[in-house]
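A quick write-up on the structure given underneath.
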Amino acid sequence: MAKSLTNPLKSALRSHMKKEVLKSITPESRARQSKAIAEKVLQTEAFRSAQRVSIYLSTSMEVDTSELLSECFRLEKHVFVPTYEGNQMEMVRLKDLQDYETLPLTKWHIKQPNVKDGRENALTNGHGIDLFLIPGVAFTLSGGRMGHGMGYYDKYLKRHMTTYPNNKTTLMALAFREQIVDEESLPLDAHDVRLHTIITE
């Protein structure tokens, strides 16, 4: 019963965030907040100690991850990025910035490796991910997250936990301050994965 009650609330919040809140953030504010968020992430122990980092390749509506991507390569961390096939997401390895620059664009103008490229896959390499940098539409300060409604990250994170139950993996969201909502606005369903930390400006 609870699930059917929460979904309309989440749908309404998702629509409000996408159509009004996110579109109202100016390019200048996006750039300033993204820079401040990147600086904060770089100072965290979770980032400094991580050898294998999952990072999303940002769209214009998300916290920009390009500086973090560059730092990961400079520090010789193993970088994994999302690729999608059907209703399933995988995390596959990017070798370097040149590899990133030559990635093809999807129909949504997002850079994405081809799932058939035979890249190293985080679920089958025997190591998994130490740190996930995660996007979303809205967040609560206690680690609640609402994505785009497809459940890609929630399903993937559960697969990762099942594959590597002993990994000390950190789940870190990157959020504009406008994306933080109160607990009552974002009711979590049973399948939603709670994050460890939310980084804002």
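The OG1 atom of T200 sits 10.5 Å away from the CG atom of L174 when rounded to the nearest 0.5 Å. Taking OH of Y156 as the start and CZ of F132 as the end, the distance is 5.0 Å to the nearest 0.5 Å. Summarising the geometry, atom NE2 belonging to H78 is positioned 7.5 Å from atom CZ belonging to F80; distances are rounded to the nearest 0.5 Å. To the nearest 0.5 Å, atoms CZ (F176) and OG (S34) are separated by 4.0 Å. Atom CG in L9 sits 10.0 Å away from atom CG in D189 (nearest 0.5 Å). Annotation: the span from R52 atom CZ to M91 atom CE amounts to 15.0 Å, rounded to 0.5 Å.
The aromatic ring centres of Y164 and H127 sit 6.0 Å or more apart.
Closest of all the heavy-atom pairs between L42 and L68 is CD2-CD2, 3.7 Å. For G144 against R194, the heavy-atom pair with the smallest separation is N-NH1, 3.6 Å. The two residues K40 and I199 come nearest to each other via the heavy atoms CB-CG2, 3.8 Å.
The only member of T170, T44, L171 that meets side chain to side chain contact (heavy atoms under 4.5 Å, CB included) when paired with L131 is T170. Between E90 and the options R159, R119, K155, K116, a salt bridge (Lys or Arg N to Asp or Glu O under 4.0 Å) holds for only R159.
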Please determine whether side-chain contact (heavy atoms from CB on, under 4.5 Å) holds for the pair S54 and L133, giving the CA-CA distance in whole Å, both sets of side-chain angles, and the decisive distance to 0.1 Å.
CA-CA 6 Å; S54 161; L133 299 177; over 6 Å; no
Does the side-chain contact (heavy atoms from CB on, under 4.5 Å) test come out yes or no for Y100 and L57, once each step is laid out?
CA-CA 9 Å; Y100 164 72; L57 301 178; 3.7 Å; yes
Using side-chain contact (heavy atoms from CB on, under 4.5 Å), reason through Y84 and Q112 one step at a time and then give a plain yes or no.
CA-CA 8 Å; Y84 304 87; Q112 182 182 307; 3.3 Å; yes
Check the pair H160, L123 against side-chain contact (heavy atoms from CB on, under 4.5 Å), reporting the backbone distance first and the verdict last.
CA-CA 7 Å; H160 187 271; L123 281 186; 4.2 Å; yes
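Contact of the I134 side chain with the L157 side chain is registered, since non-hydrogen atoms from C-beta on lie closer than 4.5 Å. Residues V193 and M161 meet the side-chain proximity criterion, which asks for heavy atoms closer than 4.5 Å. Contact of the D130 side chain with the T169 side chain is not registered, since no non-hydrogen atoms from C-beta on lie closer than 4.5 Å. A heavy-atom distance below 4.5 Å is found between the side chains of I55 and V79. V63 places none of its side-chain heavy atoms less than 4.5 Å from the side chain of P135. With a 4.5 Å cut-off on side-chain heavy atoms, L186 and F139 do not count as touching. In this structure, L141 and I180 have side chains that are in contact, with non-hydrogen atoms separated by less than 4.5 Å. Inter-residue side-chain proximity for M172 and H196 is flagged as unmet; no heavy-atom pair is nearer than 4.5 Å.
Under the 3.5 Å distance criterion, with hydrogens and angles disregarded, no donor-acceptor pair is assigned to the side chains of E178 and S24. Between the side chains of H191 and K158, no donor-acceptor pair is found at a separation under 3.5 Å. Using modelled atom types, one finds no donor on one side chain facing an acceptor on the other under 3.5 Å when comparing S60 with R30. No hydrogens or angles considered: a donor-acceptor pair under 3.5 Å links the side chains of N125 and E120.
The neighbour count for E45 CD, taken as heavy atoms of other residues, nucleotides or ligands under 6.0 Å away, is above 12. Counted within 6.0 Å of CD on E101, heavy atoms from surrounding residues, nucleotides or ligands total more than 12; the atom is thus considered enclosed.
Side-chain heavy atoms closer than 4.5 Å link hydrophobic residues (I, L, V, M, F, W, Y) into clusters, and following such links, even through other members, never connects Y152 to V92.
Look at D64 and K35 and you find no salt bridge, because none of the NZ, NE, NH1 or NH2 atoms lies under 4.0 Å from a carboxylate O. With salt bridges taken as basic N to acidic carboxylate O contacts below 4.0 Å, one links K10 and D192.
For K77 and F47, the positive end sits near the middle of the six-membered ring, less than 6.0 Å away and at most 45° from its axis.
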